[in-house]
There are 2 protein chains.
Amino acid sequence: MLTKEELEEYCKTARESYLPHISIDCVVFGFHEGLLKVLLLTVKNEGGWYLPGGFVLKDEPIELSANRILKERTRLDEIFLQQFHVFGDPQRSKQHFDMYKDMLPPKDNWFTNRFLTIGYYALVDFCDVNPSPDQFAATCSWCDLNDLPELKLDHALILKTALDTLRLQLNYQPIGYNLMQKEFTMPELQKLYETILDKKLDRRNFQRRMLGFGILKRSEKPRKGGAHKAPFLYSFDLENYEAALKEGFKGGW
Amino acid sequence: MLTKEELEEYCKTARESYLPHISIDCVVFGFHEGLLKVLLLTVKNEGGWYLPGGFVLKDEPIELSANRILKERTRLDEIFLQQFHVFGDPQRSKQHFDMYKDMLPPKDNWFTNRFLTIGYYALVDFCDVNPSPDQFAATCSWCDLNDLPELKLDHALILKTALDTLRLQLNYQPIGYNLMQKEFTMPELQKLYETILDKKLDRRNFQRRMLGFGILKRSEKPRKGGAHKAPFLYSFDLENYEAALKEGFKGGW
DNA sequence: TACTCTTGTGTCAAAAATACACTATCGGCG
DNA sequence: CGCCGATAGTGTATTTTTGACACAAGAGTA
């Protein structure tokens with residue numbers, strides 16, 4: 001948590017550096033042990049969680065803003081990012097960072113401004129990410145999508161909208177590619193689809209269909225180590241994947 | 001075109017009333033005589049066309065801004081509006097309203113600011129709209145999508161993105177409902193789909209599929225007057241339509 | 001009344017989706 | 001070391017959906 005002086009300094013810098021009234025919030029999805037995860041952070045001395053977010057530099061394309069913001073939290077560059085909605089209710093940011101609300105008069109206080117926020121969702125390989133807090137965050141960590149804590153502001157709405165978008169785009173965005181590790185087994189990939197769609201799929205039909213797209217390469221050696229029959233390892237054939245995405249995968253789930 | 005004094009006055013009011021750096025641009029689609037149309041406007045003493053747009057009042061939800069902006073141009077209330085993308089390149093608005101560029105120094109000149117623009121597309125019944133210009137526009141009129149004039153700024157990109165979105169959403173948004181008149185014939189509806197998708201569809205299969213959705217009601221009396229067999233008139237069964245949209249129409253075209 | 005154009009409709013074949021059951025192999029355990 | 005339990009791999013029969021296609025009916029016009 002910032003002191004009054006630090007807050008003053010921050011607000012001054014923010015006014016000089018950022019576009020006013022515009023923020024970016026990111027819903028970072030990861031997939032681990034059969035569960036969809038989202039990156040969330042807490043703020044010291046405040047209950048509730050936030051989506052990672054930030055602001056747009058005065059001369060910065062918004063895609064880069066989103067990238068920059070995520071790089072600070074995940075240390076990752078080249079993240080798959082997708083803009084999905086702008087949230088523009090004047091009430092939405094009224095309670096932003098409560099603890100700073102009364103520390104400065106409204107005209108000086110960046111955090112009492114109205115903000116439109118541009119929602120981006122990101123898909124990352126869970127294992128690549130080492131969540132790190134920033135100057136405002138107390139903690140930054142993965143949360144299970146089935147077991148979400150209470151979110152501040154309208155961040156629950158933003159998250160829900162992101163998830164809806166993800167479901168809708170499952171057929172024409174490289175969602176599997178970005179969420180899985182380089183090599184994975186067919187049951188793992190199926191589990192991802194089942195988790196996103198929140199329904200069971202038939203094992204054989206899933207396999208037939210996935211292979212039918214021609215976007216997977218089967219590795220020579222299976223994954224050993226489990227207490228059961230060793231599954232084959234697959235990886236995405238990026239070239240075919242890109243081509244298939246242009247067409248859009250036929251049909252839906 | 002505004003005089004320097006009027007411009008000064010406008011900029012002053014704008015700064016007082018609107019959120020800075022944020023604009024809204026609308027792609028208004030209509031359908032008439034088998035052709036997709038878009039509402040465009042010209043500015044006096046300037047070549048090129050613009051999408052209708054405007055700004056967000058300081059305490060106004062952005063959905064209402066878009067509605068308000070369109071109401072000024074179309075006189076319509078309750079328009080079907082869909083947010084589809086934010087365009088945030090810092091260069092995109094550099095050449096906004098060229099003729100006002102040098103009339104005021106940049107710090108006073110609203111139009112030399114950077115603007116992120118929120119893209120909305122609207123679907124309207126062509127016949128309901130009486131396009132009317134505003135204080136900046138010289139003319140406001142429907143343009144054929146196949147025969148577009150040159151667009152200013154990044155408005156060609158915005159238009160293209162809107163159209164791509166429209167195509168993608170054809171299966172889970174009430175696009176037919178909003179673009180057609182209350183009553184219409186099956187060939188007319190088919191023509192709409194063909195126009196949006198830019199491809200021919202089979203007459204019989206189209207009919208079978210559309211009727212299969214159970215969202216159409218066939219009227220008792222056919223449309224007379226043409227020089228040929230009188231086609232049946234249909235209208236949307238709104239209740240079923242809403243229900244079907246929730247599911248998403250199965251498959252694609 | 002014959003002609004032309006457009007609409008309405010049914011059927012068949014191909015493709016896709018669905019439902020379903022058996023075999024193979026790994027590690028663990030007795 | 002062989003049996004057990006659990007998971008993975010695979011094919012087929014059935015149903016549903018799509019796609020291609022042709023002919024009859026009705027409205028105005030000549």
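All chains are named by letter (A, B, ...) in the order of the sequence lines, taking the proteins before the strands, and each is independently numbered beginning at 1.
Counting atom types as modelled, A:Arg208 pairs no side-chain N or O with a base atom of C:dA16 as donor and acceptor under 3.5 Å.
Checked against D:dT10, C:dT7, D:dG9, the side chain of A:Arg204 finds its nearest nucleotide in D:dT10. For B:Asn205, taking side-chain heavy atoms from C-beta onward, the closest of the listed nucleotides D:dA8, D:dT18, D:dC21 is D:dC21. Picking from C:dT7, C:dA17, D:dG9 the nucleotide with the shortest atom distance to the side chain of A:Arg209 gives C:dA17.
As rounded to whole Å, 12 Å separates atom C1' of C:dT6 from atom CD of B:Gln190. B:Lys199 has its NZ atom 10 Å from the P atom of D:dA20, to the nearest Å. If you measure from atom NZ of A:Lys200 to atom C1' of C:dC20, you get 17 Å, rounded to the nearest angstrom. Atom CZ in B:Arg203 sits about 17 Å away from atom P in C:dT11, given to the nearest Å. Rounding to whole angstrom units, CG of residue A:Asp202 and C1' of D:dA13 are separated by 14 Å. Here the C1' atom of nucleotide C:dA16 and the CE atom of A:Met210 are 16 Å apart, to the nearest Å. Atom CZ in A:Arg218 sits about 11 Å away from atom C1' in D:dA8, given to the nearest Å. The interatomic distance linking A:Phe184 (CZ) with D:dA8 (C1') rounds to 16 Å, in whole Å.
By the 30° and 60° cut-offs, the orientation of the rings of B:His155 relative to B:Tyr50 is perpendicular. Using the six-membered ring where Trp is involved, A:Phe236 and A:Tyr177 have ring planes that are perpendicular, over 60° apart on the 30 and 60° scheme.
Each of A:Asp125, A:Leu123, A:Leu192, A:Asn178 was checked for a side-chain contact (heavy atoms from CB on, under 4.5 Å) with A:Phe31, and the lone residue meeting it is A:Leu192. Exactly one residue among B:Thr139, B:Val38, B:Leu148 makes a side-chain contact (heavy atoms from CB on, under 4.5 Å) with B:Trp49. That residue is B:Thr139.
Here B:Asp128 contributes atom CG and B:Leu76 contributes atom CG; the two are 5.5 Å apart, rounded to the nearest 0.5 Å. Atoms CH2 and CZ, on A:Trp142 and A:Phe29 in that order, are 10.0 Å from each other to the nearest 0.5 Å. To the nearest 0.5 Å, atom CG of residue A:Leu233 and atom NZ of residue A:Lys182 are 13.5 Å apart. Atoms CD and CD, on A:Glu63 and A:Gln82 in that order, are 10.0 Å from each other to the nearest 0.5 Å.
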Expected rows: protein N/O vs nucleotides 26-30 of chain C N/O, under 3.5 Å:
unit_1	atom_1	unit_2	atom_2	d
C:dC26	O4'	A:His228	O	3.2
C:dC26	O2	A:Ala227	O	3.1

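Taking the C1' atoms of five terminal pairs at each end of the helix from C:dT1-D:dA30 to C:dG30-D:dC1, the two resulting helix axes are inclined by 10°, rounded to 10°.
Contact check on B:Lys71 versus B:Asp77 returns a salt bridge, with a Lys/Arg side-chain nitrogen under 4.0 Å from an Asp/Glu carboxylate oxygen.
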